[in-house]
Engineer: 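This is the structure I want to talk about, given as structure tokens.
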Amino acid sequence: MSPRTRRGASPKFVIERDEDSEESSSDEDEENGVGDCEDDEVEEEEEIEETKRREKKPITISLKKVCKVCKKTGHQAGFQGATYIDCPMKPCFLCKLPGHTTMNCPHRVATEHGVIPAPRKSTRHSVDYIFERQLRPHVPAIKPGFLIPDEVTRAVIRYHSRRVTCLEFHPTNNNILLSGDKKGQLGVWDYDKVYEKRVYTNIHSCLLNTMRFNSVNDGTIYGASSDGTISCTDLETGISESMMNLNPNGWSSPKSWRMLYGLDINSEKGLVLVADNFGYLYMLDTRTKAKVREGVLIHKKGSKVVGLQCNPVQPDLLLSCGNDHFARLWDLRRLEAGSSLGNLAHRRVVNSAYFSPHTGSKILTTAQDNRIRVWDSIYVNMESPSREIVHSHDFNRHLTPFRAEWDPKDSSESLVVIGRYISENYNGVALHPIDFIDVTTGQLVAEVIDPNITTISPVNKLHPRDDVLATGSSRSLFIWRPKDKSEDVQQKEEKKTIIYYGKADSKQKKKLGDESDESDDESFKSKGKKSQTKSSAIKKVKR
DNA sequence: ATTGTATGCGACC
DNA sequence: TGGTCGCCCTACAA
């Protein structure tokens with residue numbers, strides 16, 4: 001049963017009105033519910049209803065089944081079973097070009113998942129090669145096979161009270177995952193000891209947008225929030241100190257309320273760098289906790305700066321991105337408004353921009369035009385990206401923005417992970433996969449799904465050392481590892497732990513077997529949490 | 001017209 | 001019924 005289909009108590013039919021009412025669907029509907037299978041009886045009732053309405057209201061709005069997107073007749077947008085049918089009047093939801101729908105978009109059908117080769121690819125400058133030889137001497141000639149964490153082994157369902165906004169692995173303690181949410185709460189979870197987890201609720205009052213570990217004391221973490229403050233939190237005690245507050249006088253109007261998004265640490269200089277929603281960058285000294293200087297305008301005035309990162313090789317090189325459609329490069333040593341070293345143009349808002357993790361010579365960006373872009377050698381050419389990869393990661397006001405992230409373990413700097421917005425029909429279930437893309441070719445290396453993850457997964461983070469993927473999907477967290485084919489199913493079952501908070505809906509409980517495990521540790525129970533449930537074996541189903 | 005921004009609300013248990 | 005859930009929304013302003 002598709003998680004996206006909504007079942008009324010027993011409605012035989014629904015007349016689409018101008019609001020967002022979706023067609024009723026029963027199991028039968030789903031099995032043969034494609035195309036023209038309108039039930040005759042339903043048709044009749046509908047007409048009666050229609051005439052009734054007409055009698056009451058002489059000025060008639062057509063009550064014929066109408067597309068909920070364009071309000072025209074003759075087609076219906078929306079889910080048919082687990083497959084979403086696009087409105088043909090709209091540009092393709094995937095590549096944004098008109099003339100076709102997602103279903104037959106060339107970028108969906110293509111094995112290379114929509115790579116647009118950059119025009120400059122064939123005209124590489126010789127300096128480019130020299131640069132690569134000098135700065136990237138250790139890149140293996142043959143890429144090692146990618147090890148994809150494709151199986152969920154740990155999960156906390158409904159862990160946060162609101163959607164997850166960011167994730168961070170502990171830099172030295174291997175099994176600690178930090179998570180931030182829309183309410184500003186901070187989760188600390190030991191996914192090895194599964195039940196060791198807590199949520200600190202008093203740090204921020206809204207959206208915790210970015211977290212970065214303190215480079216000199218990894219027991220504390222910095223956070224940037226839409227409440228306009230930077231926090232520095234002790235992970236053991238949860239005691240938090242506010243390092244900066246951009247709204248010291250509280251709320252007066254939305255025009256003056258300042259929010260913090262991008263954050264990074266420059267450990268060489270002992271600086272915390274943050275940026276706000278008006279285009280300004282701030283620098284703080286990590287020891288004195290004081291502002292090093294006044295805010296500097298680094299993006300279009302009044303525009304949100306959502307990402308900041310110091311180059312891993314040259315920490316003075318700063319990368320920023322935001323919704324003025326640019327990712328920009330800066331030299332921290334002489335940073336002032338308008339002094340950017342380079343400006344990477346995009347067609348829409350840029351959700352994220354990251355240097356490649358080892359050489360720092362590539363840049364990966366995610367933009368709201370449904371394209372992932374890669375600049376292969378930023379020191380040589382910043383004019384245009386080396387590749388644009390069409391990928392579904394639209395903006396939605398209810399979702400944390402999608403961000404393509406490097407695999408920090410991949411020495412060839414080519415593997416990237418990103419959640420997919422559009423769902424696929426996996427044997428009748430609509431699931432939103434998480435994609436692994438080789439950005440040197442644009443090839444979709446893997447799409448991973450789990451029947452427990454029925455929601456969109458915009459937040460994904462690969463572990464810096466282990467073959468582990470962490471996913472934040474709605475309010476839940478998931479830990480993925482590569483499927484161990486050598487072990488028998490029984491053992492794998494033992495390894496797998498799923499914890500429920502809140503209410504698991506009955507469908508999900510049923511699917512998972514809902515066997516309460518009595519061997520729970522006491523502290524967990526005494527906290528009054530719900531039952532622990534072991535999942536059934538994960539069935540990976542292919543389209 | 002386009003594009004960015006906001007945090008609601010219908011359907012379900 | 002009231003609380004919970006999750007988003008191929010959608011109204012509005014610049």
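A note on names: the letters A, B, ... follow the listed sequences, proteins ahead of strands, and every chain is numbered from 1.
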Engineer: If you take all heavy atoms of Arg348(A) and Gln368(A), which pair is closest and at what distance?
Structural biologist: CB-C, 3.8 Å

Engineer: Taking the six-membered ring for Trp, are Phe93(A) and Tyr84(A) ring centroids under 6.0 Å apart?
Structural biologist: no

Engineer: Applying the 5.5 Å / 30° rule, does Tyr421(A) stack onto the base of dC8(C)?
Structural biologist: no

Engineer: Please tell me which of the listed nucleotides, dT5(B), dT3(B), dC8(C), lies nearest to the side chain of Phe395(A)?
Structural biologist: dT5(B)

Engineer: Please indicate yes or no: is the ring centre of His398(A) less than 5.5 Å from the centre of the six-membered base ring of dG8(B), with the two planes inclined by under 30 degrees?
Structural biologist: yes

Engineer: Check whether any side-chain nitrogen or oxygen of Arg158(A) sits under 4.0 Å from OP1 or OP2 of dT4(C), and answer yes or no.
Structural biologist: no

Engineer: Roughly how many Å is it from NE2 in His393(A) to P in dC8(C), rounded to a whole number?
Structural biologist: 17 Å

Engineer: Of all the choices, dT3(B), dC5(C), dT5(B), which nucleotide is nearest to the side chain of Arg475(A) once you look at every atom?
Structural biologist: dC5(C)

Engineer: Between Asn104(A), Leu94(A), Thr102(A), which is the residue that forms a side chain to side chain contact (heavy atoms under 4.5 Å, CB included) with Asp86(A)?
Structural biologist: Thr102(A)

Engineer: Ser474(A) has a side chain; which of dT7(B), dC8(C), dG6(C) sits nearest to it?
Structural biologist: dG6(C)

Engineer: Would you call Arg481(A) and Glu151(A) a salt bridge, taking side-chain N to carboxylate O under 4.0 Å as the test?
Structural biologist: no

Engineer: On DNA chain B, does the nearest nucleotide to Lys182(A) precede the nearest nucleotide to Gln368(A) from the 5' side, or the other way round? Give the residue.
Structural biologist: Gln368(A)

Engineer: With a 4.0 Å cutoff (strictly under), does any side-chain N or O of Arg397(A) reach OP1 or OP2 of dG8(B)?
Structural biologist: no

Engineer: Are Ser476(A) and Thr455(A) close enough that some pair of their side-chain heavy atoms sits under 4.5 Å apart?
Structural biologist: no

Engineer: If only side-chain N and O atoms of Thr455(A) are considered, is one of them under 4.0 Å from the OP1 or OP2 phosphate oxygen of dG6(C)?
Structural biologist: no

Engineer: Would you say Asn396(A) places a side-chain N or O within less than 4.0 Å of OP1 or OP2 belonging to dC8(C)?
Structural biologist: no

Engineer: Could you check how far CD of Gln76(A) sits from C1' of dC8(C), rounded to whole Å?
Structural biologist: 15 Å

Engineer: Within the 4.0 Å heavy-atom criterion, would you say Asp86(A) contacts the bases, only the backbone, or no part of the nucleic acid?
Structural biologist: base

Engineer: Nearest whole angstrom, please: distance from the P of dG6(C) to the CG of Leu431(A).
Structural biologist: 14 Å

Engineer: With a 4.0 Å cutoff (strictly under), does any side-chain N or O of Arg163(A) reach OP1 or OP2 of dG6(C)?
Structural biologist: no

